[in-house]
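First the proteins, then the strands, lettered A, B, ... as listed; each starts at 1.
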Amino acid sequence: MPKYNPKKIERKWQKYWAEHPELFEADEKSEKEKFYCLDMFPYPSGDGLHVGHVEGYTASDIYSRYQRMKGKNVLHPMGWDAFGLPAENYAIKTGVHPDKSTHQNIKNFTGQIKSLGLSYDWKREIDTSNPGYYKWTQWFFLFLYKNGLAYRKKAKVNWCGSCQTVLANEQAEGGICERCKNEVIQKDLEQWFFKITDFAEELIEGLDKIDWPQSTKIAQKNWIGKSVGAEFELRITNYESGIRVYTTRLDTVYGMTYAVVSPEHPIIEKIKDGIENYKEVEKYINEAKRKTDLERTELQKEKTGVEIKGLRVINPFTDKEVPIFVADYVLSTYGTGAVMAVPAHDERDFEFAKKYNLPISQSITLDFESYEKTIKVLEALKEIYNEAQKENVKFWLLGGLANAFYAGIVYREHDDLDLIARDPASQEKMIAVLEKLGFEKIKEKKLTEKLTNFIFKNSNGIEVDIGPCAWEYGLKDCDFEEEIKTFGDYQSLVLSRKFLINLKNYFIKNRSEEKDKIDLSYLEGKVLTEKGFLVNSGKYSGLSSEKAREEMAVWLEKNNFGGRKTTYKIRDWLISRQRYWGSPIPMIYCEKCGWQPVSEKDLPVLLPEVKDYRPKGTSPLGTNSDFVNTVCPKCGAAAKRELDTMDTFVCSSWYFFRFSDPKNEKEFAGKEKIEKWLPVDLYIGGAEHTVLHLLYSRFFTKALHRHGRIDFDEPFKKLRHQGIVIAEDGRKMSKSLGNVINPDEIVKEYGADVLRLYEMFMGPLEDMKRWNTSSIIGLRRFLERVWRLEEKTQSTNTQNTKQNPGPKTQNTKINSLLHKTIKKVTEDIDNLRFNTAISAMMILVNEMEKEKELPIISYQLLNTILSPFAPHMAEEIWQEKLGRKESIFFEKWPEYDPKLVQDEEIMLIIQVNGKVRDQIKVPSGVKEEEAKKLALESQKIIKYTEGKDIRKIIFVKDRLINFVITH
RNA sequence: GGGGAUGUGGCGGAACUGGCAGACGCGCUAGCUUCAGGAGCUAGUAGUAGCAAUACUGUGAGAGUUCGAAUCUCUCCAUCCCCACCA
């Protein structure tokens, strides 16, 4: 028998499959149920295929082959995301035209993919840089334009100085260019946008009805960033106009002590004349504008701002005037670009208020009752403090109240006083002070020989705990750990000391008689930002935050100040790029008629040849005057073309439609073809496209749906990500680290089938996995074993031949395992759990090896369920060893025999008090009574149950019986 | 700071709705085969104690629910990913 030689057989069957394209082509005429299984098409980089690609592509290939064998009409296409910055940057570096290098790379990728035996329908291959494709990318632009979803506006945009182009928000996250990792600056430019914001709500709602990873759905939801709040006007003193502010915390409005507008806010220009310190304000604004996003958002950066003097705004709820600031911690791009500032309940406002010494006014408490109680506790503390000062008592306040004060939290558990005397004399004196103030000793707890803790209570029910400070007496005398537990951590002691100093100032400064006005301006640390109950809020005091928001919004609406408002973080998608290697934007500018779309019949606007395609701040397309100069489609006068190209993500936002009808010259895809094939049933690709590509594709689909082009509104019914494959050293695979695994080399050494199996066996599809070359050999051994199993079929029962392989359902042990394996593998593929499917087949093969003889039919069935995983070998066995004339991929996926999957006898676990003590063989389906009888006959069990009461028996059918006995 | 995950032998990982923890594979150990080699074969392989049968411990840490917890609940720790002044 010839040895297993993957190199030879893989080449042979790849050639065979190429000569029989009908095997893997989607059938336009078939009435069979369709299945669209899609991979994220790759950007054909010069580095070639990555083992991460192989993982995703193998998974979808197994699934596609399986679905075909299950009788589905499968569409499984491949194409190239060929336009884009990397190709161009590479071209600039090497001096080779991007068209040439890209096509070289595509050739390389194609060869690699074919060497893996992936079953793509190559007749449908697409290339986004091909005019036949980008004609329709341009058509999509016009489609959106004509429906008011593409527009041009001057805006502050992300500009990458290194790539010399603008970027979408999605590509400039954190102020860093996604491509070159350089800093992104803000520039005012006129650019083309797609109105994705129009679909914000639909994009959120649609997530509920698709089978996607939860984490991806949540990431998209966060990116869209819906928030429900209120918008209202703050009238400016002496002006008719006001400032509109947006808030999600309308319930805190009584705590507003100032207002802030962003430096870009247009109101400043309008009220310029009223501003006393305009020069100063202007200076601040100019500084802020010069800063990059990165500088403005830098972590832990101190907040800055300038008061707009001479003007104030009026809180509509209280009619009180508060100052206005301009500060760059307020973003011009979100909400209204202006906020009401509530330092007591917002961390940013708090930080700002502290720095500029602005009043802080509490309007929320977590618990209304304890708020009242706390005021009483404070009264008591004030008394104690004053008295203690007179007697020169040295003490610290700590524990709950101190922490609560520091955190700005008023809390039920924190309504007594924890005092610590700093020396023995002070404890004595404090006791005297407390007794003088009418406190009664209610408890006394000896901590050690020398240390005692006393608890006092007054007629108001206020408890005071006066304890000794352990380490002032010497640490050895007490349990330090215990002290820490009792008094809180060391930090709280330090804070408390600081607190007392502040508290002193507070009592001196604030001798207000009004009980419900607590000035929290002395606070340091955290701020109460949770929802709670309102205090100091006029007629709304005592309401819950939720209820108050509703009632306050109604009040705003009734009085014409504003009302409820929902906002989204997502911005419109900026698609202009001042770069060469992309699809031209099909628009023409005419002096007389303004912007005019290119007529559909004139598409595509071909990407022109240019001498120099290096970026120069404006599009390189501008250097080709034949391209630039054209005529106005409306009036025929001389006009100029739009010079920018489109973001490459536009190309990939609709490619999955094109696969249904890739050669269509009249439409991006014919209506009946779309109806036949779409939406995509299973989409597999990396998680790095969580927001960009996946969100844009959904947007395009929803736009087509809204304007009556298609009757579904989600493109990908089921989505799964393959986890990233990291290098053997635990780091990311990267050329610079020299730890990249080239799939070609693995194929050369072990074979494509082994590589496929290895990548699937590594672990769950979605998990991050570490490459480990030395483990690959196990999969090679497995295939070798399968290969050799044929020997065992040679001598088999002579009446069975390859043409007549015998009955499928003989009831033997090995046959029963075979059918269990068919069941397991079928279920595992359905759930994309390829690792456990392979392990089930390994178990079967291990058992088959132990047999002397193997029926041909068993070997056939094994080969059939293995075929999606190791197609080359399965085809070789099928056609050469088993002598079949047709490809195994015309074979039907086997059904398991339910009778054989059911065991006649099972091992029943016997437990005593939940611990396994024995197991016995019993007929399956045994009843509790019978099981109990058999179990109690076991010597081991008798040992445990003898002379004991069996209080309870738990019986789980075909699994276990558990005796609960008294100890 | 917010959100999402993850944590099981020397390693990758199994364990369905709570029911034999460590399947399967790598590695390792011993033996066989071979001129040799190993990408062959056989047996063993969580830890501790024991010649052994066996017993006890054990799924990041701690508590809880339960006859029974890797799985459920709470608290904490660690690692990774994403977002981040979004009012």
Side-chain angles (χ1 to χ4, degrees), chain A residues 4 173-174 213-219 221-223 225-227 229-230 245-250 252 260 262 296-301 303 327-331 333-342 345-349 351-352 529 567-570 687-688 690-691 723-724 726 749-750 754 757-758 761-764 766-782 784-785 788 824 827 831 833 835-843 845-846 849 907-919 940 951-956 959-965:
Chain A
Y4 172 50
E173 285 176 19
Q214 196 57 30
S215 57
T216 303
K217 288 189 187 181
I218 289 169
K221 223 178 243 179
N222 289 345
W223 185 262
K226 179 178 179 173
S227 73
V245 293
Y246 176 74
T247 181
T248 54
R249 292 300 305 271
L250 187 58
T252 65
V260 192
S262 67
R296 274 173 73 158
T297 61
E298 216 168 324
L299 263 75
Q300 288 162 336
K301 189 188 73 106
K303 301 219 168 354
D328 66 4
Y329 79 90
V330 171
L331 306 174
T333 46
Y334 184 76
T336 57
V339 300
M340 65 172 203
V342 184
H345 305 294
D346 181 279
E347 282 183 41
R348 292 151 302 176
D349 296 342
E351 212 184 298
F352 190 80
T529 54
T567 60
Y568 301 89
K569 284 190 226 171
I570 192 168
E688 68 274 15
T690 296
V691 279
I724 57 163
I726 59 167
E749 196 173 345
Y750 299 92
V754 171
L757 278 169
Y758 171 65
F761 189 64
M762 279 171 93
E766 310 213 2
D767 284 11
M768 198 233 296
K769 285 162 288 259
R770 192 191 279 213
W771 185 269
N772 183 0
T773 300
S774 65
S775 292
I776 300 173
I777 193 63
L779 284 305
R780 173 66 182 251
R781 284 179 191 147
F782 167 62
E784 301 256 14
R785 281 207 277 270
R788 278 198 309 269
K824 170 88 174 141
E827 287 166 358
N831 295 315
R833 293 203 306 232
N835 55 332
T836 49
I838 293 168
S839 112
M841 289 188 280
M842 283 173 167
I843 293 168
V845 169
N846 289 349
E849 273 198 320
M907 292 304 278
L908 188 76
I909 307 299
I910 312 173
Q911 295 183 337
V912 177
N913 282 346
K915 285 209 157 100
V916 181
R917 295 303 177 186
D918 199 8
Q919 42 181 296
K940 288 178 191 161
R951 290 195 309 178
K952 203 171 162 190
I953 293 173
I954 283 115
F955 179 72
V956 184
R959 216 173 267 270
L960 65 81
I961 183 160
N962 183 15
F963 298 102
V964 185
I965 58 169

Closer than 3.5 angstrom, by distance alone: can the side chain of A/Ser262 be matched with the main-chain N or O of A/Gly337 as a donor-acceptor pair? yes
If you assign A/Glu749 and A/Gly335 each to the RNA chain B nucleotide with the nearest heavy atom, which residue ends up on the more 5' nucleotide? A/Glu749
Keeping the roles fixed (side chain from A/Asp349, backbone from A/His345), state whether a donor-acceptor pair exists under 3.5 Å. no
Using OP1 and OP2 only, check whether a side-chain N or O of A/Arg780 sits under 4.0 Å from B/G38. no
Look at all strands and tell whether A/Thr333 reaches a base, only sugar-phosphate, or nothing, counting heavy atoms closer than 4.0 Å. nothing
With a 4.0 Å limit, can you tell me whether A/Arg788 has a side-chain N or O closer than that to the phosphate oxygens OP1/OP2 of B/A39? no
Counting Watson-Crick and G-U wobble pairs with both distances under 3.5 Å, what is the dot-bracket string for RNA chain B, 5' to 3', using [ ] for crossing pairs and | for pairs to another strand? (((((((..(((......[....)))((((((.......))))))((((....))))..(((((..]....))))))))))))....
Return the nearest nucleotide to the side chain of A/Val330; candidates are B/A87, B/G40, B/U57. B/A87
Closer than 4.0 Å, any side-chain N/O of A/Tyr334 to the OP1 or OP2 of B/A87? yes
Below 4.0 Å: OP1/OP2 of B/G68 and any side-chain N or O of A/Arg917: no
Collect all protein-nucleotide pairs involving nucleotides 29-31 of chain B in which both atoms are nitrogen or oxygen and the distance is under 3.5 Å.
none

Can you build the contact string for nucleotides 10-22 of chain B? Use B for base contact, S for sugar-phosphate-only contact, and - for no protein heavy atom under 4.0 Å. --BSS-B--BB--
When A/Ala840 and A/Lys303 are each assigned the nearest nucleotide of RNA chain B, the 5'-most assignment goes to A/Ala840
Of the listed nucleotides (B/A39, B/G3, B/C85), which one gets closest to any side-chain atom of A/Asn222? B/G3
Check whether any side-chain N or O of A/Tyr758 sits under 3.5 Å from a backbone N or O of A/Leu779 as a donor-acceptor pair, and report yes or no. no
For B/G58, does the O4'-C1'-N9-C4 (purine) or O4'-C1'-N1-C2 (pyrimidine) torsion place it in syn, i.e. within 90° of 0, or in anti? anti
Look at the side chain of A/Val964 and decide which nucleotide, out of B/C67, B/U57, B/G40, has an atom nearest to it. B/C67
Any chance you could lay out the side-chain contact (heavy atoms from CB on, under 4.5 Å) test for A/Val964 and A/Ile953, step after step, and finish with the verdict? CA-CA 6 Å; A/Val964 185; A/Ile953 293 173; over 6 Å; no
Taking B/G4, B/G25, B/A84 as options, the one with an atom nearest any side-chain atom of A/Arg785 is B/G25
